[in-house]
There are 4 protein chains.
Amino acid sequence: MTRNSEKIPSMIKNRRLVERRRQQIIQAACDLFVRKGFHKTTTREIARECGLSIGTMYEYIQTKEDVLHLVCDFIHSELESRLREALAWTGTGRESLTRAVAQHFKVMEEMSDYVLLIYQETKSLPKEAMRSILKREEEITALFEEVLSKGVGDGTLKLAPSSIKLMAHNIVVLGQMWTFRRWALSGHYTLEEYTERQTALLLHEMTDENEGGE
Amino acid sequence: MTRNSEKIPSMIKNRRLVERRRQQIIQAACDLFVRKGFHKTTTREIARECGLSIGTMYEYIQTKEDVLHLVCDFIHSELESRLREALAWTGTGRESLTRAVAQHFKVMEEMSDYVLLIYQETKSLPKEAMRSILKREEEITALFEEVLSKGVGDGTLKLAPSSIKLMAHNIVVLGQMWTFRRWALSGHYTLEEYTERQTALLLHEMTDENEGGE
Amino acid sequence: MTRNSEKIPSMIKNRRLVERRRQQIIQAACDLFVRKGFHKTTTREIARECGLSIGTMYEYIQTKEDVLHLVCDFIHSELESRLREALAWTGTGRESLTRAVAQHFKVMEEMSDYVLLIYQETKSLPKEAMRSILKREEEITALFEEVLSKGVGDGTLKLAPSSIKLMAHNIVVLGQMWTFRRWALSGHYTLEEYTERQTALLLHEMTDENEGGE
Amino acid sequence: MTRNSEKIPSMIKNRRLVERRRQQIIQAACDLFVRKGFHKTTTREIARECGLSIGTMYEYIQTKEDVLHLVCDFIHSELESRLREALAWTGTGRESLTRAVAQHFKVMEEMSDYVLLIYQETKSLPKEAMRSILKREEEITALFEEVLSKGVGDGTLKLAPSSIKLMAHNIVVLGQMWTFRRWALSGHYTLEEYTERQTALLLHEMTDENEGGE
DNA sequence: TATGAATGAGAGTTCATTCAT
DNA sequence: GATGAATGAACTCTCATTCAT
């Protein structure tokens, strides 16, 4: 799934080995970046934590930023695959949306630290890597666009076509909000309450004669 | 307005001077942090940019993190004061909200870089400074809570009391979204369109029999 | 008494004022040097502690080393004047010696910190200042030479003339030893015991047919 | 012999190499500390002098104070091992003492600079390191206690048991005195004369009915 | 493939001293 | 005489990266 992994060059020829070693690196780096942040984590710490010597680690990456890229990519893959699970079910667009939102919020809760990590460290990536990460983000948003379109198509959701993209972004962001505003929200709502209320608000927006601000 | 400035000790006795010099430092640091990020900006660069010698700069701060604190605090003060302007007008709660949202979004657009800065670098602050920054964030949210309460009070907005806080957070975050998803949004919507649609969605949520998911 | 004070130039003409301000400086610096050592004490700290501004302080000294010189000189003056008191009494040489030794040890005890200071920081003085400090040390030793000579003269002490200087040095050093070996000695002897025993040993050396190794 | 070396952590795994590099560091630092003192010697100077890059040097130590600790420890090891040589010979206690004193004084002469170094810079060590250095000092003193006890045991030295520790300290300090009062003593006595006279005085103290002040 | 010792530019911070007011 | 803001050289220490083995 870590598709971008292939873009990062390695000195080692054996692709299987590269994949395995990089998984070690990603696991260790994820933990450390979450705990200390990208800048305060040293390459030596990553190497130690993943059981490779510093020299060996550098056979599988080229720069420290590569590690960040691998980590961000891994996290996005996780997020995306978990979200896709929720979309496998069948039902009306409205039902699918309800399920997708709930799953999205649940994933945000579970991967809270990782989501935060992406939000705070993406800017440290080199331009090219950054673009590829943003593309992943857009793909996730596109999943919601699909669900919304389906709902508009089967008449269970009312929304101006030109607002579909906006609504998709709103949904994604309101999920992420649970991670980066947790310090304020968790004191007042449980995840269940939060999900319920946000879902009610969203569905209400897409009911009746509302045409989404057109 | 930079209230926390007083908490950061300085070697210089003249309070006026401290305030002036710190303004220089903040201006220079804001620019640099936006362009290069906190970690990739050196203290020497900040000093050069604000026209002080490195030694002199350190008479007005204690650590590099103090500069970040000063910067974050300054940005929040700006955000808050600009938002308060919009709240000075009179009118129904619904009208106030419409105006406040528009102003909030406009401020987000204008201070885009600064808002991003806060979102990405706050985590680099020491614990204590971080708490003070989050408090500022909560105060801004509270401004929207007030407007919403007013609307609920005068009957122009329908919203379960227990959802007021949630809605306030939603509004703040949807504004910030314009800054940290600009790469995706600006291709499809102008700020005006964005504002119009989001406002329509929000107002629709608070119209009729909708009780916000209770 | 701080004779060398005159050698250190000052910008201020009024000699009285110079003397008074320098006393302030010495008191503050003594404390600080004892607590933190010369190198870890900053000129700013000294200024703050003695109630002068840093600029004013520098009107009365030229360098930080001047302060150390003043301090060392002051301490020696104290040591010497206290020792001279003990020598004012009359009696046989042997009696004088006993009294001088006891007083010397007592002074070492009381000025313990200061004596240590001299021993550890003198080397940080510039050459010229160092020489002047060593001269003071020699003068103190000379006081004991005088007492010993008196004893040899009146027949109450037996000592080869060529060993008088050596014995004087021994006495001075055995006193200082109480300060720089206190960590080992104070666990086994009180100052009284220490004084008694060392005195007994010394007097025994200068009794009977002993000719001091000639 | 530098037993405490093991307590100082190193980034390098190869213990042999650590030992070798640290010897380089110690040699260079000894020279520099003797010439300029600890505080006026920079880490870069030490690195240059011992032929390592600054980065490499820091792989073998953690702080500049570690270097001082290493140096002090090395000096004590030298002092102790040289003194132990002199104690290997057999003979009466009195003979052993004579030999030990002469050797101690000779070592003081030869390692004059190093002994001074220890006396002046030990205070710059962190607490823990300082304690370990004082313990070494006490061990050296204990060597003399043993010799004295032997002499008391075989009847060749007369000394109250409770004065043995005191006498041991006296001997050690009178040796060190040759280093830190050399400026005064060397003008009047050669090392041989100094040794002869001090020995005579000491032996006389422990002859006949003298009971050391009890 | 794997290792880990070596590197050195560059980071943040300090502080004795000066000098305009 | 008194003040204290300004200075910048110099300090200790870090760490991503390389390369000989």
Side-chain angles (χ1 to χ4, degrees), chain A residues 10-14 17-18 21 39-48 51-67, chain B residues 10-14 17-18 20-21 39-47 51-67, chain C residues 10-14 17-18 21 39-48 51-67, chain D residues 10-14 17-18 20-21 39-47 51-67:
Chain A
S10 166
M11 290 279 86
I12 304 308
K13 296 296 154 240
N14 180 342
L17 188 52
V18 170
R21 292 271 187 260
H39 283 101
K40 290 194 178 161
T41 301
T42 67
T43 51
R44 265 159 136 146
E45 281 174 310
I46 300 171
R48 194 186 315 128
L52 301 177
S53 72
I54 184 69
T56 301
M57 189 172 89
Y58 264 89
E59 296 285 313
Y60 296 92
I61 55 163
Q62 306 228 83
T63 68
K64 191 187 173 192
E65 283 163 346
D66 282 349
V67 178
Chain B
S10 166
M11 291 273 81
I12 272 49
K13 296 185 172 178
N14 181 340
L17 189 54
V18 170
R20 205 171 73 226
R21 291 271 186 262
H39 284 101
K40 290 194 178 159
T41 301
T42 68
T43 52
R44 283 183 155 79
E45 283 174 309
I46 301 172
L52 301 176
S53 71
I54 184 69
T56 301
M57 188 172 89
Y58 265 92
E59 295 284 300
Y60 294 91
I61 55 163
Q62 306 225 87
T63 67
K64 191 187 173 192
E65 283 167 346
D66 281 350
V67 178
Chain C
S10 165
M11 290 279 85
I12 305 308
K13 297 294 155 240
N14 180 342
L17 188 52
V18 171
R21 292 271 187 260
H39 284 102
K40 290 193 178 161
T41 302
T42 67
T43 51
R44 266 160 138 145
E45 281 174 310
I46 301 171
R48 194 186 314 129
L52 301 177
S53 72
I54 184 69
T56 303
M57 188 172 90
Y58 265 89
E59 298 284 313
Y60 296 92
I61 55 162
Q62 306 226 83
T63 68
K64 190 187 173 190
E65 283 163 348
D66 282 350
V67 177
Chain D
S10 165
M11 291 273 81
I12 272 47
K13 297 185 172 178
N14 182 339
L17 189 54
V18 170
R20 204 170 74 225
R21 292 272 185 261
H39 284 102
K40 289 195 178 158
T41 301
T42 67
T43 50
R44 278 187 157 76
E45 282 174 310
I46 301 171
L52 301 176
S53 72
I54 183 69
T56 300
M57 188 173 89
Y58 266 92
E59 296 283 300
Y60 295 92
I61 54 163
Q62 307 225 89
T63 66
K64 191 188 172 191
E65 282 166 347
D66 281 348
V67 177

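- Side-chain N/O atoms of Y60(D) include none lying less than 4.0 angstrom from OP1 or OP2 on dA5(E).
- Q62(D) is linked by a side-chain hydrogen bond (donor to acceptor under 3.5 Å, both in side chains) to nothing, counting only residues two or more places apart in sequence or in another chain.
- Considering only residues two or more places apart in sequence or on other chains, R44(C) meets the salt bridge (charged side-chain N to carboxylate O under 4.0 Å, His left out) condition with E59(B).
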Protein-to-nucleotide contact annotation, 5' to 3' order, nucleotides 13-21 of chain E [B base; S sugar-phosphate only; - none; under 4.0 Å, heavy atom]: BBSBBB---

What pattern of brackets, bars and dots sums up DNA chain F from 5' to 3', given Watson-Crick or G-U wobble pairs under 3.5 Å, [ ] for crossing pairs and | for another strand? .||||||||||||||||||||

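- Atom CD1 of I46(B) is separated from atom C1' of dA11(E) by 12 Å (rounded to the nearest Å).
- Rounded to a whole Å, the CD atom of E45(D) is 11 Å from the P atom of dA10(F).
- The interatomic distance linking K13(C) (NZ) with dG1(F) (P) rounds to 8 Å, in whole Å.
- M11(D) places its CE atom 11 Å from the P atom of dC15(F), with the value rounded to the nearest Å.
- Here R20(B) pairs with L17(B) under the side chain to side chain contact (heavy atoms under 4.5 Å, CB included) rule; sequence neighbours left out.
- Summarising the geometry of Y60(B) relative to R21(B), their closest heavy-atom pair is CZ-CG, 3.5 Å, with the distance given to 0.1 Å.
- The OG1 atom of T43(C) lies 5.5 Å from the CE atom of M57(C); values are rounded to the nearest 0.5 Å.
- Under the side-chain hydrogen bond (donor to acceptor under 3.5 Å, both in side chains) criterion, T63(B) pairs with no residue at all, not counting sequence neighbours.
- Checked against side-chain hydrogen bond (donor to acceptor under 3.5 Å, both in side chains), T56(A) has the following partners two or more places apart in sequence or in another chain: S53(A).
- Taken from CD1 in I46(D) to CD1 in I61(D), the straight-line distance is 7.0 Å, to the nearest 0.5 Å.
- Comparing dA6(E), dA6(F), dA2(F) against the side chain of L17(B) picks out dA6(F) as the nearest.
- As rounded to whole Å, 10 Å separates atom P of dA5(E) from atom CZ of R21(D).
- The side-chain hydrogen bond (donor to acceptor under 3.5 Å, both in side chains) check on E45(B) picks up K36(B), T42(B), with sequence neighbours excluded.
- Computed from coordinates, the I12(B) CD1 to dA6(F) C1' distance equals 8 Å when rounded to whole Å.
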